[in-house]
Undergrad: 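First the structure, then my questions, so here it is.
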Amino acid sequence: MAKLYIYNTLTRKKEEFKPLGSEVGIYTCGPTVYDYAHIGNFRTYVFEDVLIRTLRYLGYKVKHVMNITDVGHLTTDDEFSGEDKMLVAARRERKSPWEIAKFYTEAFKRDMRSLNISEPTILAPATEHIQDMIEFIKRIERNGYAYMISLGLFLDTSKIPNYGILARLDLSKLKPGARLPVHPEKRNPWDFALWLKAPPEHIMQWDSPWGRGYPGWHIECSAISTKYLGEVFDIHCGGVDHIPVHHTNEIAQSQAAYGKIPANYWMHGEFLVIGDRRMGKSEGNIYTVEDLKKMGFTPLALRYFYFTAHYRTKLNFTLEALRGAQNALEKIYQHLRELPEPTGMPERYLNKFKQALCDDLNMPRVLAIVWEVIKDDSLSGGEKRALLEEFDKVLGLGFVSQKKVEVPDWVRELLTKREQLRRERRYAEADAIRERLRKEGWEVQDTPDGPRVRYVKVT
RNA sequence: GGCGGCGUAGCCAAGUGGUUAAGGCGGGGGUCUGCAAAAUCCCUAUUCCCCGGUUCGAAUCCGGGCGCCGCCUCCA
């Protein structure tokens, strides 16, 4: 098995990946389903998909767990005055929070499928794991890391060894209350809620040892990952924005409950930016997959576009660049439609491919290799197809479905007829046939060796 | 205020000390053609924000500027 090197945020180094057991456990932070996920969110999910596909390609068995946050996030980070996002969405759409969650979960799954993102082994909605969260919190409380204030139960971060190690936070230099006032009852500015008491207008609420209420913002990932992957698992992924707060606090919770950092490798996808600003709902500069479809883009063109930059660098989104990605992908498809059935694969390209993948998932380099294969005259058509289909196990760009199209008899007959007309210089009639074929998706090319047709998929 | 990152052609970007600075898109030109389309070939950064330094050798390392961005408890 080839050695896979991945960048670990915990150590800030590329490290050789060494799994804990026979099955690799991966946890990825999923969406909050109060609105559509945007293409910035999906950049991260596609990065995670590439990681998982790469592991499987290299021969690992992978168990992938993703949560669905269908409860409890607030509109602001102000834990004593913010509104619950689910409730805001429910009011906006005149639905119950559960209906909202269901609707946007389905939308999310649809977009995942259209981007060819492999399904997680387990997709876990938070609301179905309230009891697991309560048990997790009890453990934290039993170990003496929690305290009660009027808002609810909080975690005392001063008791956590190396709190903030993931983000390399230097607590002495951070500015408490830089953005928001610190609640006076909190023992330390960085302490965060494990369980919040529900105000009366809060629709989603559950009974707990700490009163009727709802779980804090980080506990679902701790509870769900522990339940399905164990106290310590292999890889934890998410967006870079999760490093300083969400993942930092997940680590704190696991330390409080089990005395351990829950994952060995922490990997984070960089932002999709637009005009040098991060794409975000609050910035008001988002595109959804649906938006792009309406503009005539295919979701896989977006997937290709994501691959033009490495996952740890910001990727600047422009419609021009996306169009470029779509054109490039369509060209690859055209090549594939003219390639015969796959034959053997030359080792040297296979090795190059693996090498690029194993170097911290270098997809831009993989794309360069794709083009190298397409343009390499020393390869047979069958070899090219074999390689491209092999690469597509990780790329997931739909290469396999682009098969050589046999020319039907009726097309051949029309071609013969057109050639006859051309010889007779009856060009208007010949052009009419060409136009008719084009409308059926058959593009005629007059080459020095006679006419050629090819099927141009209507997208 | 603190911490971190980035600045490579018109656009999106690889590259992290050593042959001609990946690749794609776009653009230009040639071939082909009744026209068209496609295909194909060639061209498109003597140079990597600027200024110094280290080195036989730097886009890559160091120092100093300039510009941009992110984070400091919502956020992929």
Side-chain angles (χ1 to χ4, degrees), chain A residues 12 28-32 37-48 73-79 82-83 85 157 164 167-180 182 189-193 217-218 237-246 248-249 268-273 276-283 304-305 307-310 312-329 331-332 334-335 338 356 362-372 375 422 425 427-428 430-431 434-435 438 443-449 452-454 456:
Chain A
R12 306 285 156 108
T28 62
C29 291
T32 306
H38 57 73
I39 59 173
N41 302 125
F42 280 111
R43 184 184 181 202
T44 297
Y45 302 128
V46 167
F47 139 64
E48 292 159 351
H73 273 208
L74 302 183
T75 46
T76 72
D77 43 15
D78 184 346
E79 64 231 351
E83 272 192 292
K85 283 178 179 173
T157 52
R168 309 252 157 127
L169 298 180
D170 183 344
L171 267 32
S172 65
K173 286 189 182 154
L174 290 184
K175 222 181 174 179
R179 297 170 59 215
L180 290 162
V182 177
W190 328 113
D191 291 357
F192 57 92
W217 317 295
H218 314 296
C237 300
V240 284
D241 52 328
H242 281 157
I243 297 170
V245 180
H246 181 56
T248 287
N249 289 342
H268 296 93
E270 251 296 354
F271 281 136
L272 185 67
V273 299
D276 288 330
R277 296 216 158 255
R278 69 166 288 185
M279 181 176 287
K281 275 168 194 157
S282 39
E283 284 78 1
Y304 184 104
F305 172 70
F307 295 158
T308 62
H310 188 266
R312 278 194 291 115
T313 66
K314 290 181 185 70
L315 170 59
N316 192 14
F317 178 83
T318 64
L319 288 172
E320 188 188 357
L322 181 62
R323 213 166 287 126
Q326 176 139 311
N327 289 347
L329 182 61
K331 276 192 187 177
I332 295 173
Q334 288 294 358
H335 281 284
E338 306 195 356
N362 194 327
M363 300 311 279
R365 218 154 83 203
V366 168
L367 286 186
I369 296 167
V370 165
W371 286 100
E372 226 181 298
K375 294 185 169 178
R422 289 181 70 212
R425 299 189 164 270
Y427 293 124
D431 288 353
R434 183 167 70 196
E435 183 57 19
R438 202 190 59 76
E443 189 177 76
V444 181
Q445 301 159 26
D446 296 320
T447 75
D449 307 320
R452 277 174 68 200
V453 280
R454 63 177 194 174
V456 181

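What you see below is based on every heavy atom in this structure, not just the backbone, and it leaves out hydrogens, waters and symmetry mates. Naming convention: chains lettered A, B, ... in sequence-line order (proteins, then strands); numbering from 1 in each chain.
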Undergrad: Could you tell me how far B/G23 sits from B/G30 if I compare only their P atoms? Round to whole Å.
TA: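 The answer is 24 Å between these two P atoms.
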Undergrad: Looking at B/C35, does its base get a donor-acceptor pair with the side chain of A/Arg425 below 3.5 Å?
TA: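 There is none.
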Undergrad: Mind checking what makes side chain to side chain donor-acceptor pair (under 3.5 Å) contact with A/Glu320, not counting sequence neighbours?
TA: none
Undergrad: Under 3.5 Å, is there any donor-acceptor pair linking the side chain of A/Arg438 to the base of B/A37?
TA: no
Undergrad: Has the side chain of A/Asn327 got a donor or acceptor atom sitting under 3.5 Å from an opposite partner on the base of B/G24?
TA: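 It does not, because no donor-acceptor pair links the side chain of A/Asn327 to the base of B/G24 below 3.5 Å.
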Undergrad: Can you tell me how far P of B/C41 sits from NZ of A/Lys375, to the nearest Å?
TA: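 From A/Lys375 NZ to B/C41 P: 7 Å.
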Undergrad: Out of B/C11, B/G26, B/G70, which has the shortest distance to the side chain of A/Lys314?
TA: B/G70
Undergrad: For A/Asp431, report the nucleic acid contact type (base, sugar-phosphate, nothing); a contact means any heavy atom under 4.0 Å.
TA: base
Undergrad: Closest-nucleotide mapping onto RNA chain B: is A/Gly269 or A/Arg12 further toward the 5' terminus? I mean the 5' end.
TA: A/Arg12
Undergrad: Between B/A22, B/A13, B/C75, spot the one nearest the side chain of A/His242, thanks.
TA: B/C75
Undergrad: Could you tell me the Watson-Crick or G-U partner of B/U54, where both distances fall under 3.5 Å? Say none if there is no partner.
TA: none
Undergrad: Please confirm whether any donor atom in the side chain of A/Thr308 sits under 3.5 Å from an acceptor in the base of B/A13, or the reverse.
TA: no
Undergrad: What is the base-pairing partner of B/G1, counting Watson-Crick and G-U wobble geometry with both distances under 3.5 Å?
TA: B/C72
Undergrad: What does A/Glu443 touch in the nucleic acid at a heavy-atom separation under 4.0 angstrom: a base, only the sugar-phosphate, or nothing?
TA: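 Touches sugar-phosphate only.
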Undergrad: Does A/Arg425 CZ have over 12 foreign heavy atoms under 6.0 Å away?
TA: no
Undergrad: For atom C1', what is the distance between B/G18 and B/C12, given to the nearest Å?
TA: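 The answer is 29 Å between these two C1' atoms.
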Undergrad: Which nucleotide sits closest to the side chain of A/Pro244: B/A37, B/C11, B/C71?
TA: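 Nearest to the side chain of A/Pro244 among the choices is B/C71.
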Undergrad: Looking at the side chain of A/Ala309, which of B/A14, B/C35, B/C12 is the nearest nucleotide?
TA: B/A14
Undergrad: Under 4.0 Å, counting only non-hydrogen atoms across every strand here, what does A/Thr248 touch: a base, just sugar-phosphate, or nothing?
TA: nothing
Undergrad: For the residue pair A/His218 and A/His246, categorise the inter-ring angle as parallel (less than 30°), tilted (30 to 60°) or perpendicular (more than 60°).
TA: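 Correct class here is tilted.
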Undergrad: Just do the ring-ring contact (aromatic ring centres under 6.0 Å, His included) check on A/Phe307 and A/Tyr304 with the steps written out, would you?
TA: CA-CA 5 Å; A/Phe307 295 158; A/Tyr304 184 104; 7.5 Å; no
Undergrad: Using the C1' atom as the point on both nucleotides, what is the distance between B/A58 and B/G70, in whole Å?
TA: 28 Å
Undergrad: Any side-chain N or O of A/Arg323 less than 4.0 Å from the OP1 or OP2 oxygen of B/C12?
TA: no
Undergrad: When we call it a touch if two heavy atoms are under 4.0 Å apart, what does A/Val444 touch: a base, just sugar-phosphate, or nothing?
TA: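 Counting heavy atoms under 4.0 Å across all strands, the contact made by A/Val444 includes a base.
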Undergrad: Write down the distance between CZ (A/Phe317) and P (B/C11), rounded to a whole number of angstrom.
TA: 17 Å
Undergrad: Taking atom C1' in both B/C62 and B/C69, what distance in whole Å separates the two?
TA: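 Result for the C1' pair: 24 Å, nearest Å.
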Undergrad: Watson-Crick or G-U wobble partner for B/A38, using a 3.5 Å limit on both distances?
TA: none
Undergrad: Using whole Å, report how far OH of A/Tyr427 lies from C1' of B/U33.
TA: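 One finds 10 Å between C1' of B/U33 and OH of A/Tyr427, rounded.
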Undergrad: Say you pick atom C1' in B/G17 and the same atom in B/G5; how far apart are they, in whole Å?
TA: 22 Å
Undergrad: Determine the Euclidean distance between corresponding C1' atoms of B/G15 and B/A59; express it in Å to zero decimal places.
TA: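 It comes out at 8 Å once rounded to the nearest Å.
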Undergrad: Just the rounded figure in Å: distance from C1' of B/A21 to CZ of A/Arg365.
TA: 15 Å
Undergrad: In whole angstrom, give the distance that lies between atom CD of A/Gln334 and atom C1' of B/A38.
TA: 9 Å
Undergrad: Only pairs with both distances under 3.5 Å count, Watson-Crick or wobble alike; so what is the partner of B/C6 in this structure?
TA: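 Base partner found: B/G67.
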Undergrad: If we take the C1' atom in both B/G4 and B/C43, what is their distance in whole Å?
TA: 41 Å
Undergrad: Taking the same atom, P, in B/C50 and in B/U46, what whole-Å distance lies between them?
TA: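 The answer is 12 Å between these two P atoms.
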